[in-house]
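Throughout, protein chains are lettered first and strands after them, A, B, ... in sequence-line order, and every chain is numbered starting at 1.
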Amino acid sequence: MTTFRIEELLVDVVARLIGDARHVAVGNASPIPATAALLARAQGGGRPYVSLLQSRKHNFFTDGGRELFDCAGQGRIDVFFLSGGEIDGEGNINLVGIGDRDRPSVRFPGSFGSAHLYYVVPKVILFRTEHSRRTLVPRVGFVSAPGTSPDNLYRPGGPIALVTNRCVFGFDKTRRRFRLDSVHPGQTIDDVIENTGFDFDRGGIVPQTAPPSPGTLRTLRETVAPELAEVYPQFAAAVFGPTGRA
Amino acid sequence: MTTFRIEELLVDVVARLIGDARHVAVGNASPIPATAALLARAQGGGRPYVSLLQSRKHNFFTDGGRELFDCAGQGRIDVFFLSGGEIDGEGNINLVGIGDRDRPSVRFPGSFGSAHLYYVVPKVILFRTEHSRRTLVPRVGFVSAPGTSPDNLYRPGGPIALVTNRCVFGFDKTRRRFRLDSVHPGQTIDDVIENTGFDFDRGGIVPQTAPPSPGTLRTLRETVAPELAEVYPQFAAAVFGPTGRA
Amino acid sequence: MICATVDEAIEPIADGIMLAVPREVAGAPMEATRALIRRGVKRLHLVALPTSSLQADLLIGAGAVETLETSAVSLGEFGPAPRFTAAMRAGAIRMLEATCPALHAAFQAAEKGVPFMPLRGIIGSDILKCRPDWRVIDNPFAADDPIVLLPAIKPDVALIHAPLADRDGNVWIGRERELATMAHAAAKTVVTVERLVNGNLLANPVLAAGVLPGFYVETIAVAANGCWPLGVPDTYPADLEHLAEYARLAATEDGFAKYLDEHVHAKRAA
Amino acid sequence: MICATVDEAIEPIADGIMLAVPREVAGAPMEATRALIRRGVKRLHLVALPTSSLQADLLIGAGAVETLETSAVSLGEFGPAPRFTAAMRAGAIRMLEATCPALHAAFQAAEKGVPFMPLRGIIGSDILKCRPDWRVIDNPFAADDPIVLLPAIKPDVALIHAPLADRDGNVWIGRERELATMAHAAAKTVVTVERLVNGNLLANPVLAAGVLPGFYVETIAVAANGCWPLGVPDTYPADLEHLAEYARLAATEDGFAKYLDEHVHAKRAA
């Protein structure tokens, strides 16, 4: 059996969640989602269109910083990635802070585009490698963007899954809860329960997260890694080796 | 005394109405206002900025067709020119048509930007060479844009004057009426009354429109005419001679 | 996406759709317009952003337009647009009166994925009486301050012409930014270009500033001199003699039919 | 309008004004920012469209900011923005939370001369609780469809940096279109550029597509390498070593004071 790194597993998981899409956009400082989008494009023979906001070479917007949001508002962005300093069991994300609003005990950078993109992008994939009771909480201290909205609110988009370094949660929009879909190799369901601050659903049997296939690993290491090196040199070197190849 | 053409008189009249301004914009198919704007710029040593929408060389907009209107909405366009198939005594202009709206007896091209620019540009100069009861009417058949608005309506702009081939009317915003300011050489007050379909105010003595000074004519013929030739070749040739010089 | 012929490229422009076209000076795709008339396109809701000249007049005269939404149709220095004027006087088309910035704002609303856009002015104009679909509300940020709201215009197809495109579908539109807004607002965008270039237009930062990215573009076909007899900004001027001839002929039904026979149905030799 | 020095160019940026600056990747005018801090600018309402990194952190650390309006402040791969984080935890600045597209839309409202702009999303976010100046209305074009209205943001001054300008004040901004929107929205625009070029940038149609016309510009000064240690798109990259050093030093009050002494008050040798 082929050996692989956890990053390669996560990239494969995210690429499968992307599925069939026309346009995937990835924000700044998101090497694993960016790698997954490039993998999906390599496996899809050029589809989806991939916009990496951190890159000039992989960024096709020419109408200024607003174009990503306008484009998403038009329904042209099928997949986007969000994270959170805190994420709770209803899919609410907190990018602002914890404690008194005027003198917070913890301050995060800010909400970025989440309070718009979370509503209008059909497939939002939540990604947070640190899976702990510090990050996955019962109730976020500040709702930068809510996981669900009342039926009368215009909301074609929202979360479909939460990927961590321990497992993959699917999101059930109608039950407004996460569902444990698979546990990564080396992790147990108990590890997940112990390190998750919110309740979640799970079936009787929870499968192990499927490892990336040899073909996927080859594409990743031979085709994607060199492309990635332009955008995330440190990450590409660390995961795939100094030449951008494993 | 220097001889001059009626067009030169009208250009001089309009240039004086422009007065001190930062940015004058002139729409398409308006050779006399365009010439007046270029004359004002020549006399102002480069001020005002002049945007001739018909020209590429004298058009500084780079944000598409909307920029003129956005720029005017920002309060950056001080002077603009409008006309009308019909103009009435309250300064209402009709660029749409006469008669039943679904089967008009007369149809004009349409309102263009008048229903916005007439409201937001501080100095709108109405210009219509044909001065007759057909064009200057008691009440327009369709209000493309009204001469005045109720006090509660946001309206920093509006008409300041109406220039025709017979005279200059000033517009009194509070009285919502035109006032005969001067009559062109060769015309009498009776000519004006006879050919005007609306009532207007006038003082006891109505002066003759001042002729362009020799200096103005020199600037017009030597400096402005060559610039104009690029934008309105036929007009420049007709008024200033084939070389663009009188 | 890159089509062999203009006829192929215009396939997305079906009968009865809302079709957006640019103003006459921004590159009106006349070759594609003639191809549409040859194909016999019908019942268009034609939106000219914000005005039109020969393009709208031809489509109206050819009976392709059911509804016209624009701020003005005119041949400029060549006078009124004769087929538009005749159709209006005969009550042959449904006219949605507008004013230029209202159309720009309504396209920007669609571009931003919002249902409406506010605009100053308009109140007191009879245009409002023709537009029950436009609303007047009180500005919630001030007291006693009425303002117009314009519903978003989301065309089925935007039809534009540009100087250059590359094989990835990126289109160089230069200063004519409303062409990008039209593409952003429309579900699909059909493009004709003077020529295709090798390489990627986005690779050059100077060119990239004037590029419409390919992911907005449905089909592209080369149509050299494709705006004739109108011009393309900074590329070639309008054919004034031809436009004068059009104004002469189109003044009558018969003359217009003759024009169609000569210049539309009989495909013009380049 | 063309100034001899950056100090002269920034004169319109008075204490207490609303100052708009671009996002960190669009060309943040750092030389002008250091000049403002040397001059001791105070009580700014700083609007970063839509986010900021070193520029906002420096101004906050230097005590120049009274109110901050932006969607996020971060040093990206170098971690949290330390002076911003410290000021927030100490309650030292007034924070107006936002989300990126809301700021873009609010600048576009000012650009269009309208009092507000609608935007989807936001409802249900606690950002609304921090923004009593944002309104929720029922979309007049639909039933039971709440939507947010954002009041226009009209900065007193927009401060931007670009690669090129000509002596008529035309500025080449390329793809960074929000720099044009900022200039359109602001009462005055102050520009630093890498270099001045001869001739008129609008004369070349390819360059013209990326030009901000001079009539929006109040002052221009040359500041070669003027975004250092941040980068200018397609021109030069950020100085990652220096940013790492900043993150290290700015983690403490004393370290930040040391940074100011070394890199701001002691004018950096070019």
| Per-residue contact mode, B:D151 against chain C (heavy atom under 4.5 angstrom) | neither
| So, does B:T62 use its side chain to make a donor-acceptor pair with the main chain of C:R175 at under 3.5 Å? | no
| field | Point-to-point distance, once rounded to the nearest 0.5 Å, from CD1 of C:I122 to OG of B:S144 | value | 12.0 Å
| request: Taking all heavy atoms of C:F84 and all of B:F108, pick out the closest pair and write down the distance. | output: CE2-O, 3.9 Å
| request: Check each atom of C:P146 against the heavy atoms of chain B and say whether the ones under 4.5 Å are side chain, backbone, both or neither. | output: both
| query | Among B:N28, B:V140, B:L153, who wins on heavy-atom pairs under 4.5 Å with chain C? | reply | B:L153
| request: Identify which part of B:V96 has an atom lying under 4.5 Å from any heavy atom of chain C, answering side chain, backbone, both or neither. | output: side chain
| task | Could you tell me which portion of B:R56 (side chain, backbone, both or neither) has an atom closer than 4.5 angstrom to a non-hydrogen atom of chain C? | result | both
| Any donor-acceptor pair under 3.5 Å linking the side chain of B:Y119 with the backbone of C:I123? | yes
| Heavy-atom proximity to chain B below 4.5 Å, by part of C:M95 | side chain
| said: Taking the side chain as everything from C-beta on, heavy atoms only, tell me whether C:C100 gets closer than 4.5 Å to B:H116. | reply: no
| field | Positions in residues 64-80 of chain B that reach chain C, provided some heavy atom is under 4.5 Å away | value | B:G64, B:G65, B:R66, B:F69
| message | For B:S111, which atoms come within 4.5 Å of any heavy atom of chain C: side chain, backbone, both, or neither? | response | both
| request: State whether the side chain of C:R89 and the backbone N or O of B:S105 hold a donor-acceptor pair below 3.5 Å, judged by distance alone. | output: yes
| In this structure, are over 12 heavy atoms from other groups packed under 6.0 Å from B:E230 atom CD? | yes
| Can you tell which of C:R94, C:K129, C:E97 has the highest number of heavy-atom pairs within less than 4.5 Å of chain B? | C:E97
| Among C:S74, C:A142, C:G124, residue most engaged with chain B (heavy-atom pairs, under 4.5 Å) | C:G124
| message | For a 4.5 angstrom cut-off between non-hydrogen side-chain atoms, does C:T51 reach B:F112? | response | yes
| Selection from C:P80, C:A90, C:A86 maximising heavy-atom pairs under 4.5 Å formed with chain B | C:A90
| request: Mind checking the CG-OG1 spacing from B:D63 to C:T181? Nearest 0.5 Å is all I need. | output: 7.5 Å
| said: So for C:L75, is it side chain, backbone, both, or neither that comes closer than 4.5 Å to the heavy atoms of chain B? | reply: neither
| field | From OG (C:S125) to OH (B:Y118), nearest 0.5 Å | value | 12.0 Å
| request: Taking atom CZ of B:R5 as the centre, report whether more than 12 heavy atoms of other residues, nucleotides or ligands fall under 6.0 Å from it. | output: yes
| field | Interchain contact, C:R120 with chain B, by part (heavy-atom threshold 4.5 Å) | value | both
| said: Need one label for C:A87: side chain, backbone, both or neither, based on atoms under 4.5 Å from any heavy atom in chain B. | reply: neither
| Heavy-atom proximity to chain B below 4.5 Å, by part of C:T70 | neither
| field | Separation between CD of C:E77 and OH of B:Y232, rounded to the nearest 0.5 Å | value | 9.0 Å
| How many angstroms lie between atom CG of B:D102 and atom CD1 of C:I93, to the nearest 0.5 angstrom? | 11.5 Å
